[in-house]
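Chain A is the first sequence line, chain B the second, and so forth, proteins listed ahead of strands; every chain is numbered from 1.
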Amino acid sequence: MNISSEQFIGILRYVSLAIIRGRGMYFIASLITLVILGRVTLEVTPGLSESAQAWGRAGVSNLGSILIFIMLFSVSSVGPRMFSPGAAGFFVGKPLSRARLLTYLIITLNIVVALVMIASFAPFLAAEQWLGAQTAAWDDVLLQILLEFAIFVVYSPLLVWLSIRLGSGSLAVMGCFVVWLGAWLVAVREPFLGLIDNQVVVLTLNALYFILPKSREISELGLAGHWNFLPLLTSMAFAIAVWGIAVWRFREREF
Amino acid sequence: MTVAVTVEGVTKVYSRGLRRRRVTALNNVSLSVNAGEVFGLLGPNGAGKTTLVKAALGLVKVDAGHITLGGETPSNPLSRLRVGYLAEDHRFPRALTPLELLTLSARLSGKPERSIRARREELLRQVVMWDQADIRIARLSKGMAQRIGIAQAIIHDPEIIFLDEPTDGVDPLGRTLIRQLIIELRNQGKTVIVNSHLLAEFELFCDRVAILDHGVVLTVGRVTDLTRSEREYDVSGTFTTITDNLPAEIGRIISRTDTGLVVEIHSEPQVDILTDWLRQRNAHIHSLTPRTRTLESVYIQLLRASEGPATGREPE
């Protein structure tokens, strides 16, 4: 095994321990359980009206949005802990380029969250196999959780950059929430565009739509058999751009 | 002699605060550290010692000059492949245990876990932390964390080791352990660069020291040379015949007994004149040795001599 692999495994192990011992994974697992149980309960409860089912699905979907922020919050403290004054020397003083260090951190955060999600979902998947596929709820929930993870992947470089820059995981999550809210507002801009006189503002809002991550469109992916991967691809482009800026800024930083 | 670290004309200026006030942390610093020696960086708070170490490790970028570590510049991450570092105000990952920290440190330096298992235990035993090997760092005292810090700095068997205030917060027993460890590292041929305020310790294990103040190197030299007085001598022998005073143009006798004199002369070449003067008076000289000063007195003397306009002491 070469030096890079050892360094990657070292950071992966550290990030895993930091998240597991920070108890963030229990929040993620609890919320995934809640989403699955909520969705399955809706499916298997007899006599539920269409409107009650629609309300229930909206509730479960909102739990999914909360899950994204729980995931972000659970891992938000890792970056500031690694690069706070006093701690940075341990990591930055090693034979590892800063670009690689930051990239490894972002990748390992995603891997650990993915593993936590798989571990949380696995018992339910096993239960489904054991019980027999009695309902389509499993597939819907699996897709929903996968899409929420995709949104987490998109936001993770922004979270890491903000958390290191601001030195606070909470502020970084708030920063991500502001971008998420902005992206949501831009996504539902159509009805309001007619009310805006200023062409510059209209153009800016339209441009922002193509720049900001499209959480809303990603979470609706596959809904009613509608598969449009363009929002996912442009959101990934946003993530890559943020990663590039983060690496550039991180290389210039002094500790 | 192989040079392990070279610092040539290094200048570092920090901009601080909203007004971007400029503070010179290092001002045209040049020095070199030979392979296999223990080199001490001395100076008051804000002298620039920590900045110099951070610049060597690539943690801060210099504005002018250049540094090499084993021939490589700090901008090349591989220059740190054979380097160990203990930061002054370290905060190791609190979620890890000492065993996990040592493993992480080795892995980040490219060493697999299986290759350091034996050394990990040996080092933890050496710094008397084996019993706490599975306790999270968050629960360890400052002194214990310091000892773990030294172990993590050398777990991957580096050639050059930077220790910034290694005995800070450590009890006397721990200090002795750290001192022994540093001496052992020197015996193994490692280069050790130490920052410390505890001057008495420098005398015990440093081969050479550099004294810095306001980002300027005041002096670099061997501890024995720096502490040797050029003007005061201990003369032993029989001096019952010496009743008069030393002529003022040679110097003065500070204290006298029948078997010993403490003499201050104006300059080193006057030693010959002094011995002639004593022999003319039938004194029997057994030995004449320069008096040694403490490193602390040398340090204070140099700092007093260099006192100039204050430039701020924030960057350390």
Side-chain angles (χ1 to χ4, degrees), chain A residues 1-25 74-75 77-105 108-109 112 167 169 247-255, chain B residues 12 14-15 25 50-51 53-62 69 72 74-97 100-101 103-116 136-138 145 149 152-153 156 158 162 164 315:
Chain A
M1 208 180 281
N2 61 22
I3 294 175
S4 303
S5 315
E6 280 302 334
Q7 290 169 332
F8 183 80
I9 291 170
I11 292 176
L12 178 64
R13 193 160 170 213
Y14 164 64
V15 168
S16 312
L17 291 171
I19 292 175
I20 290 167
R21 290 177 184 167
R23 297 182 177 84
M25 62 166 285
S74 302
V75 302
S77 61
V78 178
R81 277 188 197 152
M82 280 174 78
F83 303 113
S84 63
F90 178 76
F91 292 97
V92 185
K94 292 287 190 282
L96 178 67
S97 75
R98 293 190 187 190
R100 198 170 275 192
L101 181 59
L102 195 74
T103 307
Y104 284 179
L105 173 61
T108 52
L109 282 179
V112 173
V247 165
W248 168 54
R249 297 301 302 158
F250 190 62
R251 285 176 64 173
E252 298 302 312
R253 188 165 174 168
E254 297 196 327
F255 294 95
Chain B
K12 173 67 191 173
Y14 287 107
S15 297
T50 297
T51 300
V53 170
K54 284 183 173 182
L57 291 161
L59 295 171
V60 298
K61 288 177 181 164
V62 298
L69 279 179
E72 298 280 350
S75 58
N76 180 2
L78 293 179
S79 67
R80 297 187 288 276
L81 199 57
R82 305 292 287 160
V83 170
Y85 173 47
L86 170 70
E88 179 189 17
D89 50 351
H90 59 76
R91 266 186 267 164
F92 297 119
R94 294 164 62 84
L96 302 184
T97 65
E100 289 163 349
L101 182 80
T103 308
L104 175 62
S105 181
R107 277 201 155 128
L108 290 176
S109 299
K111 292 257 181 179
E113 187 176 359
R114 65 179 178 281
S115 70
I116 51 106
R136 286 199 207 159
I137 289 168
Q152 67 78 31
H156 55 294
F162 290 91
D164 201 345

- Please report the shortest heavy-atom distance between A:Ile9 and B:Arg107, naming the atom on each side. CG2-CZ, 3.7 Å
- Which atoms of A:Arg13 come close to chain B, meaning under 4.5 Å heavy atom to heavy atom: side chain ones, backbone ones, both, or neither? side chain
- Query: Do B:Arg91 and A:Pro85 come within less than 4.5 Å of each other through their side chains, counting heavy atoms only?
  - Reply: yes
- How close do B:Leu59 and A:Gly93 get, heavy atom to heavy atom, and via which atoms? CD2-N, 4.0 Å
- Quick check: does any side chain N or O of A:Gln7 sit under 3.5 Å from a backbone N or O of B:Leu108, one acting as donor and the other as acceptor? yes
- Item | 4.5 Å side-chain heavy-atom contact, B:Ser105 and A:Phe91 | no
- Below 4.5 Å from any heavy atom of chain A, which atoms of B:Arg136 appear? Answer side chain, backbone, both or neither. side chain
- Any donor-acceptor N/O pair, A:Arg21 side chain to B:Ala95 backbone, under 3.5 Å: yes
- Task: Under 4.5 Å, counting heavy-atom pairs only, tell me which of B:Ala87, B:Ala153, B:Ser109 racks up the most with chain A.
- Result: B:Ser109
- For the pair A:Glu254 (side chain) and B:Lys61 (backbone), establish whether a donor and an acceptor sit closer than 3.5 Å, ignoring hydrogens and angles. yes
- Query: To the nearest 0.5 Å, how far apart are OG in B:Ser75 and CZ in A:Arg98?
  - Reply: 11.0 Å
- Note on the structure: Closest non-hydrogen contact found for B:Leu104 with A:Ile11 is CD1-N, 4.3 Å
- Message: Taking side chain as everything from C-beta outward and backbone as N, CA, C, O, which of these in A:Ser4 sits under 4.5 Å from a heavy atom of chain B? Side chain, backbone, both or neither.
- Response: neither
- Message: Need one label for A:Arg100: side chain, backbone, both or neither, based on atoms under 4.5 Å from any heavy atom in chain B.
- Response: neither
- Message: With rounding to the nearest 0.5 angstrom, report the OG1 to CG distance, B:Thr97 to A:Leu17.
- Response: 8.5 Å
- Heavy-atom distance under 4.5 Å between the side chains of A:Ile3 and B:Leu81, does that happen here? yes
- Message: Quick check: closest heavy atoms across B:Val60 and A:Phe255, and the distance to 0.1 Å?
- Response: CG1-O, 3.6 Å
- Okay, B:Ser79 and chain A: the region with an atom under 4.5 Å from a heavy atom over there is neither
- Under 4.5 Å to a heavy atom of chain A? For B:Leu86 that would be neither
- Item | Non-neighbouring partners of A:Tyr104 that pass ring-ring contact (aromatic ring centres under 6.0 Å, His included), sequence neighbours left out | A:Phe8
